[in-house]
Amino acid sequence: MKIRKAVLPVAGMGTRFLPATKVVPKELLPIVDKPVIQYLVEEAVLSGIEEIIFVISKGKELIRDHFSHHPELEIFLESKGRYDLLEKVKPIHKTAQFTFVYQDEPLGDGHAVLMAEEAVGGEPFLVLFGDDIVKGDVPAAKQLIDQFKGESLLAVERIPKEKSVLYGMIRPGEHQGRLYEVLEMVEKPRPEESPSDLGIIGKYVCSPEIFNALKKATNSKGGEKRLIDGFIKLQEDQKIWAVEIEGERFDTGHPGGLAAAANAFL
Ligand code: UTP
């Protein structure tokens, strides 16, 4: 079955970038000259996505503005004959429909995905968190979608041992090339307790049953409903797979990661 829709939860508070994110959404911070969110939208479109569902919070409407027409700017650039720049600022969503839903309170990334349930409408879908950018030949989302055979998929990469405390780590079972069966997911284990060096990054293909799993799931420490909580619940009924993504990943959710991405893309 084709994956037509992508959910982009971008309603978080971006506290690690304060004061930069007091007004500007973290997802609009640039990697050189293009906002992080635009890399993700382009990744989705290049992976065959036809509808992008943004989960935003109040005050993050600037994200919608970024993807809308800016008539004065377009007229100005046209009058100056700057067709190169005109191409860059024209809305890029001609090939995909954009939908916006709200998360009223930042109750976790899983809670944000739940807000998109109606817009998704009972079909499998892609989820891209607003942080993880992969530089490589094949878009990371396409690498995931190409492996989809009806059961949910997580993107993983090899994580240095001492960093397992920052990731959801998987216990892999049988594998074929870069596709692994997921036997267990452990949230932020200490290095000596990590079941492998494969850590989950912010890209997923979810079967629609994830919504019920999220509703039934126990919340993470701190009371947030995380998407991983939903996957742990979903695994009671369905097989889950992981794809080891090819390419260089940047976690742009913290200042050091964004700076590293800027250096790489410059
Ligand atoms: P993060 O934890 O990286 O984002 O969530 P954050 O909460 O904005 O970051 P900090 O820790 O305060 O700096 C991963 C993704 O999930 C979204 C975020 O916007 C980001 O894209 N998210 C997170 C939501 O949409 N809602 C939430 O309640 C939490």
Side-chain angles (χ1 to χ4, degrees), residues 5-31 35-44 49 52-64 66-67 98-120 125-134 140-141 154-157 159 163 165-168 185 187-188 199-206 210-211 214-215 217 219-231 249-261:
K5 300 188 181 187
V7 174
L8 271 57
V10 288
M13 301 291 268
T15 53
R16 283 167 290 174
F17 280 100
L18 284 170
T21 46
K22 195 174 160 195
V23 176
V24 178
K26 151 176 111 167
E27 298 77 11
L28 286 181
L29 297 178
I31 299 176
V36 171
I37 191 82
Q38 191 169 334
Y39 285 87
L40 293 170
V41 165
E42 289 175 2
E43 175 183 345
I49 293 299
I52 298 181
I53 302 155
F54 295 87
V55 183
I56 61 170
S57 49
K58 206 165 168 293
K60 284 203 157 185
E61 291 81 3
L62 281 175
I63 292 177
R64 183 168 44 204
H66 176 73
F67 292 108
F98 282 24
T99 303
F100 292 84
V101 300
Y102 277 88
Q103 183 191 28
D104 292 332
E105 278 180 275
L107 297 177
D109 53 52
H111 179 264
V113 171
L114 259 181
M115 299 299 104
E117 181 175 11
E118 210 182 304
V120 167
F125 60 102
L126 176 73
V127 173
L128 299 178
F129 283 175
D131 291 344
D132 281 323
I133 301 290
V134 176
L154 318 165
V156 293
E157 70 163 20
I159 306 288
K163 294 211 165 144
V165 285
L166 301 172
Y167 289 86
M185 287 157 278
E187 187 56 342
K188 302 183 173 160
I200 301 168
I201 63 170
K203 299 177 192 295
Y204 313 79
V205 171
C206 301
I210 191 71
F211 292 117
L214 273 167
K215 286 172 202 164
N219 290 356
S220 290
K221 280 186 213 137
E224 287 200 345
K225 194 178 278 296
R226 308 276 319 278
L227 186 54
I228 184 145
D229 303 324
F231 272 107
R249 182 187 65 101
F250 299 95
D251 176 1
T252 64
H254 65 94
L258 187 68

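In listed order, ligands and their atoms are each counted from 1. The structure displayed is predicted, hence computed values, not measured ones.
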Does only the side chain of [X] get under 4.0 Å from ligand 1, or the backbone, or both, or neither? Count heavy atoms.
X: H254; value: neither
X: E224; value: neither
X: L107; value: backbone
X: A112; value: side chain

Nearest protein heavy atom to [atom], by residue and atom, and its distance?
atom: atom 3 (O) of ligand 1; result: D131 OD2, 2.5 Å
atom: atom 17 (C) of ligand 1; result: P9 O, 3.3 Å
atom: atom 25 (O) of ligand 1; result: A11 N, 2.8 Å
atom: atom 8 (O) of ligand 1; result: G14 N, 2.8 Å
atom: atom 28 (O) of ligand 1; result: G108 N, 2.8 Å
atom: atom 22 (N) of ligand 1; result: G12 N, 3.6 Å
atom: atom 11 (O) of ligand 1; result: R16 NE, 3.1 Å
atom: atom 26 (N) of ligand 1; result: Q103 OE1, 2.7 Å

Minimum heavy-atom separation for L227 to D109, with atom names?
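Where L227 meets D109 most closely, the heavy atoms are N-OD1, 2.7 Å.
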Closest heavy-atom pair and its distance - V36, G130:
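Nearest pair, atom of V36 first, then G130: CG1-O, 3.4 Å.
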How about [X] and [Y]: do any of their side-chain heavy atoms sit closer than 4.5 Å?
X: E157; Y: V134; answer: no
X: F211; Y: E118; answer: no
X: F17; Y: L258; answer: yes
X: V113; Y: V55; answer: no
X: R16; Y: D131; answer: yes
X: V41; Y: F54; answer: yes
X: L128; Y: I52; answer: no

Quick test of your reading of the structure: of D109, L18, V127, whose heavy atom lies closest to atom 16 (O) of ligand 1?
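The nearest heavy atom belongs to D109.
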When rounded to the nearest 0.5 angstrom, what is the spacing between CG in L214 and CD1 in I228?
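Reported value, rounded in 0.5 Å steps: 11.5 Å.
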Against heavy atoms of [X], which atoms of ligand 1 measure under 4.0 Å?
X: T15; result: 10 (P), 11 (O), 12 (O), 13 (O)
X: E27; result: 19 (O), 21 (O)
X: V10; result: 19 (O), 25 (O)
X: P106; result: 28 (O)

Of all residues at least two apart in sequence or in a different chain, which pass the side chain to side chain contact (heavy atoms under 4.5 Å, CB included) check with E42?
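Testing E42 for side chain to side chain contact (heavy atoms under 4.5 Å, CB included), a comparison that skips the adjacent residues, returns K34, Q38, I92.
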Report the residues that fulfil ring pair (Phe, Tyr, Trp, His ring centres under 6.0 Å) with F250, sequence neighbours left out, ordered by chain and then residue number.
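Listed in chain order: nothing, the list is empty.
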Looking only at distances, can you tell me whether any N or O atom of [X], backbone or side chain, sits closer than 3.5 Å to an N or O atom of ligand 1?
X: M13; result: yes
X: K26; result: yes
X: G130; result: yes

